[in-house]
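Working notes, structure below.
As the structure is a prediction and not an experimental result, all values here were calculated from the model.
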Amino acid sequence: MYAQMVKSTGKGVQALEEMSREERAFQERIDRGEKIEPKEWMPDAYRKNLIRQIGQHAHSEIVGQLPEGNWITRAPTLERKANLLAKVQDEAGHGLYLYCAAETLGVSRDELFEMLHSGKMKYSSIFNYPTLTWADMGAVGWLVDGAAIMNQVPLQRTSYGPYARAMVRICKEESFHQRQGFQIMMVMANGSKDQKRMAQDALNRFWGPALMMFGPSDKDSVHSAQSMAWKIKMNSNDELRQKFVDETVPQAEYLDLKVPDENLKWNEETGHYDFSQPDWDEFYDVLKGNGPCNHERLEARKKAWDEGAWVREAMMAHAEKKAAKKQAAE
Ligand code: BYC
């Protein structure tokens, strides 16, 4: 049933005159800034869209552990290893909060995992790129978590209560992640010639994919209009991408690294940087499953799921035994 739910919910916004009385009252609650809670009435399309977005967000956190997990055993110092380990564990925690939030909408965790593993549900495109050197741990923290915060801070005000509340803690932790990434970049950029070259190379490879994290340009975004009307999304994709560029370019300058974009230029008139769009053909190709690591990431997730089957079975057996014991005592 939920496989159909993740299908696109359209490009435009439902017109007021097309709304039923219930739908209109619901929209008015959203417009007043009220939070919607799990047991309350909501339009089916609102529920579907939230399951899609929160589910994809949860999957991104879980799959997002893989590129950094790759470097835990090769971190250059014990302190770096402990920091990276903590960060990767935080991502697992974020996934769990988000799966819980999605479950309050009536979808089960098993259904969500099935949709991830069968490719029916997406996760962020960024995690289909490889992490080739230690400098990538800096670039991921700085750029990927930096982009994530840009997108997620406004989501603390999203209309669905459990999602908004989950975002509060997630954002606090993402800020720490961004800083630890930037600090790695500072050390690399101020280190030996080779270290600086590695830092620049990591920036070169992650800049475009980080810009893609915000989704297609506004004119091509399928869900933005309705999601923004429902405050499932607080800003458009292009707005957040611009904000990210405006904040990140001065940080690159501070690192004395060059953002790989010949068209990047401060625009006095707009008060923003002009910049090149990322390669949208590459983005859609990654979404279709053809990125450098799509296959590897999904296989790793499926393997973890299969190898964890005995844990789930043991936990379920324990819970059932406990429930039976309680029932017998009553
Ligand atoms: N990658 O209509 P649009 C993290 C899809 S985790 C893949 O604009 P929407 C972190 C989109 O789903 C970061 N797919 O969509 C974790 C839609 O396809 P469907 C994740 C993408 O939803 C560990 C289609 O393209 N953050 O930060 O309005 C370590 C059309 O797009 C992408 C979140 O999930 C993409 N980049 O806007 C470190 C935040 N972009 O579903 C860090 C919550 C678009 O119709 N999510 N698509 O098949 C959002 O804010 C929104 O869902 C997005 C996309 C801005 C991502």
Side-chain angles (χ1 to χ4, degrees), residues 58-98 123-153 169-211 213 244 247-260 291-293 296-297 300-301 303-304:
H59 297 328
S60 304
E61 300 284 355
I62 298 293
V63 178
Q65 294 179 104
L66 298 170
E68 289 176 300
N70 185 33
W71 280 90
I72 291 172
T73 53
R74 289 178 284 160
T77 67
L78 186 59
E79 193 190 352
R80 291 291 186 202
K81 186 183 177 113
N83 284 350
L84 187 61
L85 199 57
K87 178 186 191 295
V88 172
Q89 283 175 344
D90 285 350
E91 309 300 356
H94 299 173
L96 296 183
Y97 311 149
L98 290 164
Y123 57 87
S124 182
S125 50
I126 189 76
F127 302 118
N128 292 310
Y129 291 85
T131 45
L132 303 177
T133 73
W134 174 252
D136 289 12
M137 296 302 94
V140 168
W142 173 37
L143 300 174
V144 176
D145 288 85
I149 301 172
M150 205 54 84
N151 167 284
Q152 292 172 8
V153 165
R169 179 152 172 193
I170 292 179
C171 285
K172 287 204 172 110
E173 291 176 350
E174 297 289 22
S175 297
F176 153 68
H177 298 167
Q178 196 268 354
R179 282 187 194 135
Q180 71 89 36
F182 190 71
Q183 206 266 340
I184 292 175
M185 290 306 270
M186 281 205 299
V187 171
M188 299 291 287
N190 290 298
S192 68
K193 251 192 185 156
D194 278 344
Q195 285 174 314
K196 184 155 187 189
R197 187 185 44 74
M198 282 163 70
Q200 181 64 55
D201 173 60
L203 171 57
N204 292 349
R205 283 182 288 105
F206 277 95
W207 179 253
L211 295 183
M213 286 178 70
F244 173 75
E247 285 196 15
T248 310
V249 170
Q251 294 169 2
E253 282 167 2
Y254 181 79
L255 292 171
D256 193 27
L257 296 178
K258 188 172 173 344
V259 172
C293 299
E296 187 185 327
R297 300 294 184 239
R301 279 308 316 157
K303 185 166 177 274

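- Taking each heavy atom of Pro67 and Phe127 in turn, the nearest pair found is CG-CD2, 4.0 Å.
- Scanning all heavy atoms of the two residues, the minimum distance from Phe206 to Pro130 falls at CZ-O, 3.6 Å.
- Residue Glu91 holds its CD atom at 11.0 Å from CD of Gln89, rounded to the nearest 0.5 Å.
- Closest non-hydrogen pair, Met150 versus Phe244, comes out as CE-CA, 3.8 Å.
- Distance CD1/Ile72 to CG/Asn83: 11.5 Å, rounded to 0.5 Å.
- Looking only at side-chain heavy atoms (C-beta outward), Glu174 and Val153 stay at 4.5 Å or farther from each other.
- For the ring-ring contact (aromatic ring centres under 6.0 Å, His included) condition, no pair includes a residue of residues 67-90, sequence neighbours left out.
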Glu253 vs Val259, side-chain contact (heavy atoms from CB on, under 4.5 Å): CA-CA, chis, key distance, verdict: CA-CA 8 Å; Glu253 282 167 2; Val259 172; over 6 Å; no
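- Every residue two or more places apart in sequence or in another chain was checked for a salt bridge (charged side-chain N to carboxylate O under 4.0 Å, His left out) with Arg179, and none qualifies.
- Atom NE2 in His94 sits 8.5 Å away from atom CG in Leu98 (nearest 0.5 Å).
- Heavy atoms only, all atoms of each residue included: Tyr129 and Arg297 are closest at O-NH2, 3.0 Å.
- Between the CG atom of Asp90 and the CZ atom of Arg169 there is a distance of 8.0 Å, given to the nearest 0.5 Å.
- Put simply, the side chain of Tyr254 reaches to within 4.5 Å of the side chain of Met186, judged on heavy atoms.
- Contact record, Leu203 with Lys258: CD2-O, 3.4 Å, taken as the closest heavy-atom pair.
- Judged purely by atom type and a 3.5 angstrom limit, Asp201 has no side-chain atom pairing as donor or acceptor with the backbone of Arg197.
- Side chains of Glu61 and Leu96 form no contact here, defined as non-hydrogen atoms less than 4.5 Å apart.
- His59 NE2 to Arg301 CZ: the interatomic distance, rounded to the nearest 0.5 Å, is 9.5 Å.
- Atom CG of Asn190 sits about 8.5 Å away from atom CG of Asp256, to the nearest 0.5 Å.
- Listed by chain and number, the residues in a side chain to side chain donor-acceptor pair (under 3.5 Å) with Gln180 amount to none (sequence neighbours excluded).
- Not counting sequence neighbours, the partners of Asn70 by the side chain to side chain donor-acceptor pair (under 3.5 Å) test are Arg74, Thr131.
- Side chain of Glu68 to main chain of Gln65: no donor-acceptor pair is present (N/O by atom type, distance under 3.5 Å, no hydrogens or angles).
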Listed pairs under 3.5 Å, donor-acceptor, residues 135-149 side chains, sequence neighbours left out:
unit_1: Asp136; atom_1: OD1; unit_2: Thr133; atom_2: OG1; d: 3.4
unit_1: Asp136; atom_1: OD1; unit_2: Arg205; atom_2: NH2; d: 2.7
unit_1: Asp136; atom_1: OD2; unit_2: Leu132; atom_2: N; d: 2.6
unit_1: Asp136; atom_1: OD2; unit_2: Arg205; atom_2: NH1; d: 2.9
unit_1: Asp136; atom_1: OD2; unit_2: Arg205; atom_2: NH2; d: 3.3
unit_1: Trp142; atom_1: NE1; unit_2: Gln251; atom_2: OE1; d: 2.8
unit_1: Asp145; atom_1: OD1; unit_2: Lys87; atom_2: NZ; d: 3.0
unit_1: Asp145; atom_1: OD2; unit_2: His177; atom_2: ND1; d: 3.4

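- The shortest non-hydrogen separation linking Leu66 to Ala300 is CD1-CB, 3.9 Å.
- The closest side-chain donor-acceptor pair between Gln200 and Asn204 falls under 3.5 angstrom.
- Annotation: side chain to side chain donor-acceptor pair (under 3.5 Å) contacts of Gln178 (sequence neighbours excluded): none.
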Test side-chain contact (heavy atoms from CB on, under 4.5 Å) applied to Trp134 and Arg80, step by step: CA-CA 10 Å; Trp134 174 252; Arg80 291 291 186 202; 3.8 Å; yes
